Amino acid sequence: MFRLLENEKLIQEGAGISGLAACLAGKLPELQGKTVVVAMCGGNIDTSALGYVLERGLVADGRLVRFSCVVPDRPGGIAGLCNKIAKVGASIKHI
């Protein structure tokens, strides 16, 4: 579901793309090397499930990480951390 959304900009419910998932995962070796048409249907997915799918996909790709650190309790402590994160080209989703 994540790859379909990211690459093709299509939103499909899980059951509607199970055939595509099986093909991509190599679960149907008898179709290897053949021209295959996979019908995708249904877009009945709620926003919380979609958010979960997006987050899990980003984590699996290593593009979203969670970490904890100790920041000095002084003015500019969090700003200093944010500057270090920005210097490596990363973004902050939540503090």
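For clarity, every value in this text was computed on a predicted model and none was experimentally measured.
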Rounded distance [0.5 Å steps], CZ in Arg66 versus CD in Glu55: 7.0 Å
Report yes or no: do Ile78 and Ile92 belong to one cluster of Ile/Leu/Val/Met/Phe/Trp/Tyr joined by side chain heavy-atom distances under 4.5 Å? yes
Can you name the side chain to side chain donor-acceptor pair (under 3.5 Å) partners of Thr47, sequence neighbours left out? none
Single-linkage hydrophobic cluster, 4.5 Å side-chain cutoff, Leu54 and Tyr52 together: no
If I take atom CD1 from residue Ile17 and atom CD1 from residue Ile45, how far apart are they, to the nearest 0.5 angstrom? 8.0 Å
Let me check something: do Val71 and Phe67 share a hydrophobic cluster, defined by ILVMFWY side-chain heavy atoms less than 4.5 Å apart, either directly or through other members? yes
Gln32 CD to Cys23 SG distance, which is reported to the nearest 0.5 Å: 9.5 Å
Counting only heavy atoms not in Asp73 (residues, nucleotides, ligands), do more than 12 fall under 6.0 Å from its CG? no
Would you be so kind as to tabulate the donor-acceptor pairs closer than 3.5 Å made by side chains of residues 5-13, with sequence neighbours excluded?
{"from": "Glu6", "atom 1": "OE1", "to": "Arg3", "atom 2": "NH1", "distance (Å)": "3.3"}
{"from": "Glu6", "atom 1": "OE1", "to": "Arg63", "atom 2": "NH2", "distance (Å)": "3.4"}
{"from": "Glu6", "atom 1": "OE2", "to": "Arg63", "atom 2": "NH1", "distance (Å)": "3.0"}
{"from": "Glu6", "atom 1": "OE2", "to": "Arg63", "atom 2": "NH2", "distance (Å)": "2.4"}
{"from": "Asn7", "atom 1": "ND2", "to": "Arg3", "atom 2": "O", "distance (Å)": "3.4"}
{"from": "Lys9", "atom 1": "NZ", "to": "Glu6", "atom 2": "O", "distance (Å)": "2.6"}
{"from": "Gln12", "atom 1": "OE1", "to": "Cys41", "atom 2": "N", "distance (Å)": "3.2"}
{"from": "Glu13", "atom 1": "OE1", "to": "Asn44", "atom 2": "N", "distance (Å)": "3.2"}

Establish whether Val38 and Phe2 are linked, either directly or via other cluster members, by ILVMFWY side-chain heavy-atom contacts under 4.5 Å. yes
